[in-house]
Amino acid sequence: MVPGSLADTGAAPVLLDAEPATDLLIRLEKIHVSYELADGACKKVLDGIDLDIRRGEFVSVIGRTGCGKSTLLRLVLGAERPTEGRVLADGREVVRPDRDRGYVPQKYSLFPDKTVIDNITFGPEVEEFSLLTRFTPLFYRRRKEFRAEAMRQLRRMGLHGSDAKKYPDQLSGGMQQRVAIAQALVMKPKILLMDEAFSALDPGTRTGMQKLIRQVWRETNTTVLFVTHNIAEAIQLGTRVVVLAKDGAESSGSKVALDLRVPDRAEEFAEIAERVEAATGHSHLDEEE
Amino acid sequence: MSVLSISVRPNRMTCWVLSWFLFAAGICLYLYTAQKRHKENPDDRVVPTLAQLGAGIYQAAMNPDADEEPAADSAGQSALERFRNGMLWKDTVASARRFLYGLALLFPAVLLGLHMGIFPYFGVFFLRFILFFDKIIALSVLPILFIAFGIDELSKVMLIVIGVTPTIILDTFNLTKSVPPEQVVKGFTLGARDFDVAYRVVLKQIWPRVLNSIRLNLKPLMLFLFAGEMIASTDGLAYRIALLRRHMGMNIIIPYVLWVALLLFLVDLTMRLLNKRLHPWFREA
Ligand SMILES: Nc1ncnc2c1ncn2[C@@H]1O[C@H](COP(=O)(O)OP(=O)(O)OP(=O)(O)O)[C@@H](O)[C@H]1O
Ligand SMILES: [Mg+2]
């Protein structure tokens, strides 16, 4: 497959409603990813993915374990390059992770050596001050402002001021993810990428976090790409659900098996859930639910 | 309740007694041997008595090296001055200086390991060579060092470089590699540049482990330092021990050995406490 040229960006099929092209934030073009295994064999993971993400969308990506959800997210991040095809963010090819795309992984989402407040101010600090300029008086003045902003984010995420001085391992899993979201949002990224960010949380905490992220998304107008293997979570949170699944032989890679806009009415959730479940090609997608 | 049970919990007193028992037994055995040997031969020098050890310590601490010119007015000196001119102090300073040189050379090693772990080009450039370098037995190149660098300080420092730095480089390299990739990606998404990620994300979080690794390598470092001093030196703790062997000066050798052990123990303890104090977030695996 020939990697798409810039010229066909505008002419690419629009998946859902026709909306102005400027709304386009992320575009995946004919993405193929395969890994070379130790025995020399080639393992296809993603096999021809085309996906457009528009500003303001909340896209849930769902699929069986091992179907390449995290790989897809890493491609959008720029932490990994596709074997074929390309990823565009705002029309420019993504080659490495940068401050435009925030990241909240499932594990290791915070810097263990920094306190909560330092974790949140890390981004603004490091962006404005290099290793050398951090020792100037201006740095200390700006740091006060960074901290004030960090405290605002912290409160918004439902944490207390007294948590600011704690280290990540002194926080519960839910609180850690709250801090991680604050840490990413403080950079005002164009898109927030979350990889099973709530999967390690207990059900009660998880529900709370789902409410929180939905609220944050609405208030800040960010775009969210949310990877999960929980169908209910995907449908309740997303404005759109993308299902990744293999369409045949076990050796083939995953394709977009379903790409649905989720209506606001909760009555239709059950029907959508059925379609999603069917599309994943597995009646029991999730072992834990 | 049996001694060979996994689930027993000895109480505090028992713990205290048990943990000091071997020390006490060792001292008793020593004193008994000394006393027995002195009964047979009052001039025995192999196992000195407490009194002889005391005299030896005093002599080492308060008197200058016998080979040196005695200071003109040694009688008029205060105890502190005499101690500072004494053999023990001078030897300790000489060895400590080399020790610090060696220690200082470990920091470039840490940076090299860090860069090798983070920057792929650095990694491929150095890794194979350092893996090989690591297998060289430092003592086996000692003659080469003496020929190449002479028998002065440089060759002793080079001995430490060859002996210890490859371990530190490889340790730091592995520690760097063990940082979850999420952390590096996270750094970039927060606007960090490559060097920010290297120093402020990765080095910062492996630093306590690096210090631990350095701490564990202090013993090899001392080993190479002592080897160098014993073979070619005119001062230093190991030089003294080697020299006194010729005179069977056990009454000074034994205090020297214990002194070195004590110093190393204190350095180790200080580093451990500092590590804990400076990195409250650090949990030893
Ligand atoms: N570096 C790699 N080398 C070889 N295979 C890889 C590599 N990274 C991922 N894979 C394979 O790619 C497939 C997709 O991995 P990925 O982590 O994207 O799945 P996932 O959908 O996120 O799964 P999960 O739900 O378990 O997180 C897996 O089968 C995995 O074994
Ligand atoms: Mg995954």
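What you see is a predicted model, and the numbers here were worked out from it, not measured in a lab.
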Using modelled atom types only, decide if a donor and an acceptor are shared between the side chain of [X] and the backbone of [Y] within a distance under 3.5 Å.
X	Y	result
Gln183(B)	Tyr108(A)	yes
Lys186(B)	Tyr103(A)	yes
Arg193(B)	Val126(A)	yes

Minimum heavy-atom distance Pro112(A)-Trp281(B), with the two atoms named = O-CB, 3.5 Å
For Pro97(A) and Thr189(B), which heavy atoms make the closest approach, and how far apart are they?
-> CB-CG2, 4.2 Å
[atom1] ([X]) with more than 12 external heavy atoms under 6.0 Å:
X	atom1	value
Phe133(B)	CZ	yes
Lys135(B)	NZ	yes
Tyr199(B)	OH	yes
Ile137(B)	CD1	no
Tyr140(A)	OH	yes

Rounded to the nearest 0.5 angstrom, the CZ-CD distance for Phe111(A) and Glu182(B) is 11.5 Å
OG1 of Thr121(A) to CG of Leu190(B), rounded to nearest 0.5 Å, is 10.5 Å
Let me know if [X] has heavy atoms under 4.5 Å from chain B in its side chain, its backbone, both or neither.
X	answer
Leu131(A)	both
Gln106(A)	neither
Lys166(A)	neither
Pro105(A)	side chain
Leu193(A)	neither

Residue pair Arg283(B) / Asp169(A), side-chain heavy-atom distance below 4.5 Å = yes
Within a strict 4.5 Å, meaning less than it, do heavy atoms of the His279(B) and Asp113(A) side chains meet?
-> no
What residue among Arg101(A), Arg99(A), Arg96(A) forms side chain to side chain contact (heavy atoms under 4.5 Å, CB included) with Phe188(B)?
-> Arg96(A)
